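In what follows, a structure is listed as structure tokens, so that the remarks can point back to it.
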Amino acid sequence: MKAAVLIQRWYRQYAARMEMRRRYTWNIFQSMEYADLQDQIKLYNFLGYLMDNFTPSSSERNLISHIFRDNEVCRDAEWERYFNYTNIDVPEIYSGPRLTFPLDMDQAADLVEAFKNKQQLHSRYVLQLLLETWKLLRVLPNINRVSTCHSKEITICGDLHGQLEDLLLIFYKNGMPSLEKPYVFNGDYVDRGKDSIEILLILFAFLLVFPGDVYLNRGNHEDHIINLRRRSLESKRYGFTKEVLNKYKLHGKRILKLLQKIFSWLPLVTVIDQRVLIVHGGISDTTDLALIARIDRHRYVSALRPPKRKTPSRTNVYADSERYDEMIICKNRRGSLTFPKPFGARESFQRRSLQDFSSTVARTLEEEFEVRRRQAEFSMSRFSKSHRSLSSTLSSDSEPESSELIDTGNDEWKQILDLLWSDPMPQDGCIPNEVRGGGCYWGPDVTEDFLNRHNLQLIIRSHECKQDGYEFCHNRKVLTLFSASNYYEVGSNRGAFVRLGPDLVPYFFPYQATSMTRGLSFPQNVKRTEHTALKVLREQLFVHKSDLLRAFQEIDKENTGLICLNDWASAIERVLHLDLPWRVLHPQLVSSTTEGKLDYQGWFRDLALKKPSSEHIEQTMLETLYRHRSTLETIFRIVDTDNSGLITFEDFRQTLKLLSAYLKKEISDEVINELVISTDTNNDGSIDIDEFMEAFRLVDKSRLKRGKSLLKLMQDNESLPQVTETPQIVYSTAPQTSHCPASQPADPPASNTTDSACLQTANTPASQTADSPGSLTEGCPASQMEDLCHITVVVVPPQ
Amino acid sequence: MAGEFSADQIEDFKEAFGLFDRVGDSKVAFNQVADIMRALGQNPTNKDVKKILGDPSADDMANKRIDFEAFLPMLKTVDVIQKGTYDDYVEGLRVFDKEGNGTVMGAELRIVLSTLGEKMTEPEIDSLMQGQEDENGSVHYEAFVKHILSV
């Protein structure tokens, strides 16, 4: 008996500890997600900066016009011609589904089956399907209206994010859409998962077969610029654009263009029985369904491109390369129109949101940065659910009236952004959502008001990942529904779908796609998830190394190199604003402490960084580039208009130059040249975007050790630069041949930290040249690739 | 099992406490208290915790909340309770070792865990026993205890 009790007690303790680990892992992922969103904001800011401050030199103008190139606005007939699929032949050997239109139920079911068997739909049918979908969507209203008459239960699904497994699971548990089984899908069908296009095709197919029983809402990811981004959480996961281009090499571009249109034509919200609102993001205090019903939703193609305005006197920003002059006029005029309140009072509280690209005229970039930082603080502390800092921030500035700052001409734009991007918050009120860069945080009072005004009783939304797949808030008046299980990592969360009958009481069906979790126990799941989370966290720490170091040194006035745990934790929190339990995490992040004090320099080394000695400048610069890699990559992809994966030297150079000006950090020509040379492995004057981005893969020490042994083998064969000799972050100046880059650093690095892996770039010498024996990329299982991705970026120290 | 907690320790506890606060009011529900204590290295039984909380009703357990200042002294009280040592566990399990060969029947252990003391549920037991039983369904309990104490 005693033993039983002992074991039970032990077990419960074990379970509790697991739970705690699970929780902080979850927190890490959420924080990372928000850090990721910060990247998005950086992108907006950068684009906004470009629009405001472009210089008229012709070469740059070209680049900028590239970036802001508008969709070719064609008339419908032209579009039809462009997307003509009839001349695409389907080869005999094609074994996938062959669709005939109009589609019927069996074909839709076959399509599902085909995708389940990993088949791919031929591009001819894809285009045809998309065309038909587009035709249908164009006649749909902004607000879908559904009713649960005839005792039909309506099934509602949240974010799917390209995770086909989850959709299949839902269909398996709940049955496929049909006349008796209506479905509402609440947006975010693409990005992150690897089967985004398949999900779209399935949903569109069912939409075509059962137009009265399948309802699709638009999510914030139904947006082609968002699709361009690669998620930083998992560097191997590509955005939707990449997925389509990979799967449809020949016709991918056309497919994407057509999807751009389709996304903009997706309805915005769905209302059930005039009682329940289903929308992807949420609402704000200005959301007005009557207004929403009237707008031309298809003009709002991307969150990043406010719609063109016909008259320059409207206080909106142009995103049109041919109208720079008008832009300037508009900007100048805006100075008076945009800010009704006294400038000074608002200045500190201004933000650049998606609605308002152009910064205040007077503000310098540095102030901008300060505001950014404060906003990040603001949003992060809000996110910590401690309202104290929130209210103090607010009270020191003016009241948070989100609508005040928004240009009056931007009403419709704002309405849509609010619908697709907003998040609920526990406190009353409605404040702009800086974390996401668009939409609002709205409180229970706003919900109450909104429901009353529109005679509704419940809001069902998605947009946020929830542990159990769903979560109520605002007195059970708002339900968040998320249908992508294992979203952050295997085992991280469940997904759920909801059924509503005529009584409008939601019934929940949580699930978890198990093919990956099969065989893993709960603790193993936790450990795995934890591992990923910590990896991501370390990356973040690395990126902020300079700031952290400064913070530590501020505390460590005597320069002992040691810092006590408390100070360590609070310094990190001050710099990163992630609101994570650092003390709890410290055993995972810090290998050893002596007498409760931590050697922070050593710690940085452990994190795979080098000493900040004379190479400080380059380190910061690399950090900078690393921090903005997401922005860089997105810009590259936008510039890469033919989606070839390559951009020219010139564009590359100019992008970096622009970034340099924007950040007020010097990125010298020399450095740019070196970067260019080091990444142009085809030697044809163009740069492979992927390769360049591979450069920013962080290698951590333990994996480096594993990789080093392999690398050693290669080095013996090819006299590659010895990893051990080049712990600095440097740029290789030699052309990438199979022989080692000629310029070994002139002086071996002062530090003898042989083990410190640094920010190393992909080892192109070995992998690119055909005749290199046992090249790194061949025969390496995917997981090892990461380990072996290092070029030592070798700097020629300033002569 | 020190008498007082150090300032550092209290900081640690506070952080962990915050992790369990799902609502954002810097408090946790009564029914979470036991788990938090365990996460922080204590080993109370559910009964112990209930007593410390003042024997709340089921409703209280679900709805009442407690902040860190009130929680800390409870943690101190629990700290005094003996934690099991390796020998305690092994001794206890040896009782079931019918053949005296260092193994117990997994099935028997399961029954015991689910019927005696503070009963465990089946999923809990499954999770605990995963990978511990050999082909005959026996558990080598010394290894088992080592496993338990090592995670």
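Please read these numbers as outputs of a predicted model, since none were measured by experiment. Residue numbers start from 1 in every chain, and the chains themselves are labelled A, B, ... in the order their sequence lines are given, proteins ahead of strands.
- The number of heavy-atom neighbours closer than 6.0 Å to CD of B:E122, taken from other residues, nucleotides and ligands shown, is 12 or below.
- Note that CG of B:L19 is 13.0 Å distant from CZ of A:R21, once rounded to the nearest 0.5 Å.
- The two residues A:N566 and B:E11 come nearest to each other via the heavy atoms OD1-CG, 3.6 Å.
- Counting heavy-atom neighbours within 6.0 Å of B:N136 CG, excluding the residue itself, gives a total above 12.
- A 4.5 Å side-chain heavy-atom check between B:F20 and A:M20 finds at least one atom pair inside the cut-off.
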